[in-house]
Amino acid sequence: MAAPDYLICLNCETPCYVFEWEDDQLTEAFCQVCGNDDPEQFATEDEFDALSRDLGE
């Protein structure tokens with residue numbers, strides 16, 4: 001999987017462009033809006049859409 005153009009911060013749902021992507025996975029990320037830097041709290045656009053659909057059911 002190629003690196004995404006951006007990730008979505010799951011804390012504030014803001015697109016984030018400051019991140020490191022190595023070996024098809026996220027290694028570091030930083031949300032400039034809320035300060036979140038936990039890689040587990042970021043999602044790709046597709047992952048975020050899937051989470052949103054799951055919560056809507």
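FYI, side chains are in, hydrogens and waters are out, and symmetry mates aren't considered; it's all heavy atoms of this structure. Being a predicted model, the structure only gives us computed values, none of them experimental. Starting from 1, each residue takes its place in the sequence as its number.
In this structure, Cys31 SG and Asn11 CG are separated by 7.5 Å, a value rounded to the nearest 0.5 Å. The distance from atom OG1 of Thr27 to atom CD of Glu20, rounded to the nearest 0.5 Å, is 5.5 Å. Rounding to the nearest 0.5 Å places CG of Asp46 at 11.0 Å from CG of Leu51. Going from atom SG of Cys12 over to atom CG of Asn36 covers 7.5 Å, rounded to the nearest 0.5 Å.
Checked by atom type, the side-chain pair Tyr6/Glu45 shows a donor-acceptor distance below 3.5 Å.
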ask   = side chain to side chain contact (heavy atoms under 4.5 Å, CB included) between Tyr17 and Gln32: does it pass, once the steps are laid out?
value = CA-CA 9 Å; Tyr17 299 90; Gln32 294 178 319; over 6 Å; no
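Residue Asp24 qualifies as enclosed at atom CG: its count of foreign heavy atoms under 6.0 Å is above 12.
Using modelled atom types, no side-chain atom of Gln41 and backbone atom of Asp38 make a donor-acceptor pair closer than 3.5 Å.
Contacts of Leu26 classified as side chain to side chain contact (heavy atoms under 4.5 Å, CB included), with partners at least two apart in sequence or in another chain: Leu7, Phe19, Trp21, Ala29, Pro39, Phe42.
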